[in-house]
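Everything on this sheet refers to the single structure shown next.
Since the structure is predicted, the reported quantities are computational estimates derived from the model, not experimental observations. Residue numbering restarts at 1 for every chain, and letters A, B, ... go by the order of the sequence lines.
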Amino acid sequence: MSEEIKKEERSLNFLEEIIEEDLKTGKYQSIVTRFPPEPNGYLHIGHASSICLNFGLTQKFPGYTNLRFDDTNPVTEETEYVESIKEDVRWLGFEWKNERFASDYFDNLYAFALKLINNGLAYVDDSTAEEMAVLKGTPTEPGKDSIYRTRSIEENKDLFTKMKNGEFPDGSRTLRAKIDMQHINMLMRDPILYRIKHAHHHRTGDKWCIYPMYDFAHGQSDSIEEVTHSICTMEFVPHRELYDWLIKNLEIYPSHQYEFARRNINYTVTSKRKLLQLVTEKHVTGWDDPRMPTISGLRRRGYTPKSIRDFCDRIGVAKRDNMVDVGLLEFCLREDLNKIALRRMVVFDPIKVIITNYESDGEVLHSENNSEDEKGGIRDISFSKEIYIESNDFMEVAPKKYFRLAPGQMVRLKSAYIIKCDEVIKDADGNITELHCSYIPESKSGSDTSEIKVKGTLHWVNAADAVEIEVREYDRLFQVEDPTDEEGDFKDYINPDSLKVVKGFAEPALKEAKLDDRFQFIRKGYYCLDKESVDDKLVFNRTVTLKDGWMKDQKKN
RNA sequence: UGACCCAUAGUGUAAUGGCAACACUACUGAUUUUGAUUCAGUCAUUUAUGGUUCGAAUCCAUAUGGGUCAACCA
């Protein structure tokens with residue numbers, strides 16, 4: 001209830017305001033949005049923002065959202081990407097009303113082109129790409145008309161038909177809109193509508209050898225689907241004039257384009273071209289490498305859909321350039337994981353502890369799966385005379401306010417007993433080999449009558465049945481906030497320590513881990529099973545560390 | 001050297017002519033069988049200058065700064 005109120009009270013973003021106004025004035029009874037990926041790469045965190053926006057709008061207001069693949073360039077697009085995109089959108093928690101492809105509309109688009117030709121608003125140009133570039137002018141100089149601009153309607157029709165019929169080689173001719181070569185907006189200087197590409201299309205096969213350009217497909221597809229609010233990023237602002245020109249001259253359903261600023265996140269890149277480079281040049285293991293900002297990478301890393309949706313919600317939408325701190329993404333992640341992750345104990349860099357006064361063969365203790373979740377239940381953990389603790393949880397010479405184990409100092413073993421360090425055992429070279437401790441029998445977790453107060457609680461594992469696991473510790477992929485803004489190649493700034501593979505000794509309960517489980521290795525971080533994990537070699541990914549105030553203090557001093 | 005877009009704490013978003021708000025980060029402190037979580041507190045004269053107005057982050061003008069536009073990519 002209180003959450004609902006909070007939602008209602010939250011102010012609208014500029015797109016929601018536009019929509020609310022459109023609904024209020026009766027311009028629309030309901031709205032239609034679309035998420036329009038090109039199937040030439042995997043979706044990344046930037047797309048998640050667009051997905052949440054487009055689908056979120058039609059959850060908030062009456063209407064629906066289509067998934068439409070912008071597949072007008074057969075040489076770069078593949079079915080593999082279509083499938084991954086669908087999987088990612090679903091995983092994020094959204095369902096589209098209609099699944100469409102721009103290629104579904106190739107016949108309509110061809111007819112639209114004919115209509116423009118018939119109205120004297122499009123012509124076939126025989127210029128080469130180089131000639132066209134010269135005639136196009138520059139942002140500060142007007143362009144010049146092509147000599148083919150004045151062809152007759154009949155000739156244009158004939159030539160365009162022959163283009164379609166495959167009578168010309170690639171690149172030899174284009175169909176262009178006849179607008180204004182002097183136009184201040186470069187996109188209005190007779191933009192190319194169709195180009196010849198004798199290429200196999202992932203859906204239409206070899207039916208076509210001419211393919212429409214983005215500007216002659218996107219807005220038209222919007223219009224065919226009666227999309228009311230076509231939302232795209234700011235770099236398309238100059239395209240809007242052409243978008244509107246085509247809709248007006250084609251006399252088709254008037255969809256409208258609105259632009260927002262794409263979200264940038266520091267310490268990563270979100271450009272398909274750059275991500276593709278990271279994959280093909282093997283800087284990462286693949287599109288779903290847990291260091292990648294792709295949806296599939298984040299998924300494998302252990303991010304939850306909820307945390308990503310929450311992140312997109314929190315960063316909002318506006319029109320100004322931005323660089324969002326990846327720390328916010330991690331905050332959203334931790335917030336969700338804290339509530340759902342199963343607590344487990346794993347020791348990474350073990351040091352043996354012998355509990356000298358523990359006489360029993362061992363016992364089974366109990367620990368809550370998640371102290372944040374009353375319904376999370378408890379699990380068994382075995383305890384005995386020999387255990388491992390983290391070697392950096394012990395210091396022979398402890399500084400002030402060190403709450404961990406040190407000679408003569410007491411700590412609690414999580415869900416077990418309070419122990420005191422009596423003796424430090426070393427080898428001939430002076431390296432610590434084990435610690436001899438004594439335990440307080442009355443301090444057993446849950447039935448503590450010792451009245452001893454300790455400041456520190458350590459995680460530990462039972463030496464006898466600890467399971468060795470592999471842990472992949474991931475860190476940010478880049479060393480600088482904005483790799484594309486630095487001198488030289490962005491790849492020069494890749495963090496060489498973005499992956500560290502370490503060993504861990506886990507409590508046996510982790511053998512039951514499933515791919516969808518989320519764990520918190522107590523006092524360490526959040527982890528999940530990796531898809532490469534097998535029964536006799538468990539592999540975990542570190543999703544994100546726990547916040548570490550102690551470490552921060554240490555670094556300051 | 002044109003056109004267009006943008007400018008509010010370190011970061012991201014609010015305030016729609018009337019007390020600059022929320023979240024993250026950072027810093028203090030409390031609680032804690034995770035140095036986590038949780039809780040409490042601290043951190044801005046809204047890019048600049050001028051104008052309109054009883055009153056401006058908001059409207060106007062100019063400047064400054066950042067971004068976009070010259071693919072047969074999307």
Side-chain angles (χ1 to χ4, degrees), chain A residues 10-13 17 36-38 40 70-73 75-77 102 125 127-129 132-134 136-143 170-176 183-187 189 192-197 210-211 213-215 217-218 232 234-241 259 261 263 266 272-273 314-332 334-335 338-339 343 345 367-368 371-372 401-404 411-416 418 443 445-446 448 453-459 520-525 545-554:
Chain A
R10 232 184 61 178
S11 54
L12 302 177
N13 65 46
E17 279 181 5
E38 182 189 9
N40 69 345
D70 240 333
D71 57 348
T72 57
N73 186 359
V75 302
T76 57
E77 293 152 4
D125 194 329
S127 304
T128 64
M132 275 179 56
V134 171
K136 187 136 194 186
T138 70
T140 52
E141 299 163 55
D170 286 7
S172 60
R173 284 181 170 83
T174 57
L175 181 74
R176 303 178 72 180
H183 202 107
I184 199 75
N185 181 350
M186 299 268 311
L187 284 153
R189 319 239 262 231
I192 294 172
L193 269 19
Y194 266 96
R195 76 287 215 192
I196 302 171
K197 272 180 196 280
I210 56 170
Y211 292 95
M213 298 286 288
Y214 166 86
D215 285 305
H218 198 105
C232 61
M234 293 292 285
E235 67 263 31
F236 290 97
V237 168
H239 292 252
R240 190 176 61 229
E241 195 170 10
E259 310 87 9
R263 321 310 314 207
N266 57 12
K272 272 194 212 168
R273 211 194 89 249
R314 283 171 187 262
I315 61 179
V317 47
K319 299 179 87 147
R320 60 174 141 158
D321 294 341
N322 59 79
M323 179 67 80
V324 183
D325 193 337
V326 68
L328 181 61
L329 214 206
E330 292 178 347
F331 167 82
C332 296
R334 291 190 182 106
E335 187 177 54
N338 179 46
K339 288 188 206 120
R343 310 297 133 120
M345 293 199 281
S367 189
E368 67 278 5
S371 50
E372 306 286 320
K401 295 186 83 178
Y402 184 77
F403 305 148
R404 304 179 186 184
V411 294
R412 171 169 293 282
L413 295 173
K414 172 72 182 170
S415 298
I418 291 173
S443 67
S445 188
D448 186 349
K453 292 275 174 270
V454 292
K455 290 289 266 182
T457 299
L458 307 187
H459 61 283
Q520 184 197 101
F521 294 175
I522 290 176
R523 301 208 304 137
K524 285 295 181 183
T545 60
L546 247 30
K547 269 208 319 199
D548 191 347
W550 171 247
M551 181 75 105
K552 214 186 286 173
D553 282 356
Q554 295 304 292

ask   = In chain order, what residues pass the salt bridge (Lys or Arg N to Asp or Glu O under 4.0 Å) check against A:Asp448, with sequence neighbours excluded?
value = A:Arg412
query = With the sugar-phosphate defined as primed atoms, P, OP1 and OP2, and the base as all remaining atoms, what B/S/- string results for nucleotides 67-74 of chain B, 5' to 3', for protein heavy atoms under 4.0 Å?
reply = S-BB-BSB
request  = Can you check whether any acceptor in the base of B:rU34 is under 3.5 Å from a donor in the side chain of A:Thr457, or vice versa?
outcome  = no
key: Whole angstrom value for the distance that separates C1' of B:rU38 from CZ of A:Phe331   = 12 Å
inquiry  = Can you measure A:Asn266 atom CG to B:rU11 atom C1' for me and round it to whole angstrom units?
reply    = 9 Å
query = Which residue, A:Ser445 or A:Val237, contacts RNA chain B at a nucleotide closer to its 5' end, judged by nearest heavy atom?
reply = A:Val237
ask   = What is the distance from CE of A:Met345 to P of B:rU34, rounded to the nearest Å?
value = 12 Å
message = Could you spell out the base pairing of RNA chain B as a dot-bracket line? Use Watson-Crick and G-U wobble contacts where both distances are under 3.5 Å, [ ] for crossing pairs, | for partners on a different strand.
response = .((((((..((((....[..)))).(((((.......)))))....(((((..]....))))))))))).....
message = Just to verify, what does A:Glu335 make a salt bridge (Lys or Arg N to Asp or Glu O under 4.0 Å) with, not counting sequence neighbours?
response = A:Arg314
task = With sequence neighbours left out, write down each residue that passes salt bridge (Lys or Arg N to Asp or Glu O under 4.0 Å) with A:Glu330, or none if nothing qualifies.
result = none
ask   = In whole angstrom, what separates A:Arg343's CZ from B:rU37's C1'?
value = 8 Å
query = Hey, does the side chain of A:Lys547 come within less than 4.0 Å of B:rU37's phosphate (OP1/OP2), counting only N and O?
reply = yes
inquiry  = Using 30° and 60° as the class boundaries, would you call the ring planes of A:Phe236 and A:Tyr214 parallel, tilted or perpendicular?
reply    = tilted
query = In whole angstrom, what separates A:Leu328's CG from B:rU25's C1'?
reply = 9 Å
message = At 4.0 Å (heavy atoms only), tell me whether A:Arg189 reaches a base, stays on the sugar-phosphate, or touches nothing.
response = nothing
message = In this structure, how many angstroms lie between the P atom of B:rU38 and the CG atom of A:Leu546, rounded?
response = 11 Å
key: Atom-pair distance (CZ on A:Arg404; P on B:rA36), nearest Å   = 10 Å
ask   = In whole Å, what is the span from the CH2 atom of A:Trp550 to the P atom of B:rU37?
value = 17 Å
query = salt bridge (Lys or Arg N to Asp or Glu O under 4.0 Å) with A:Arg176: which residues, sequence neighbours excluded?
reply = A:Asp125
task = Report yes or no: is there a donor-acceptor pair, N or O only, under 3.5 Å between the side chain of A:Arg412 and the base of B:rU33?
result = yes
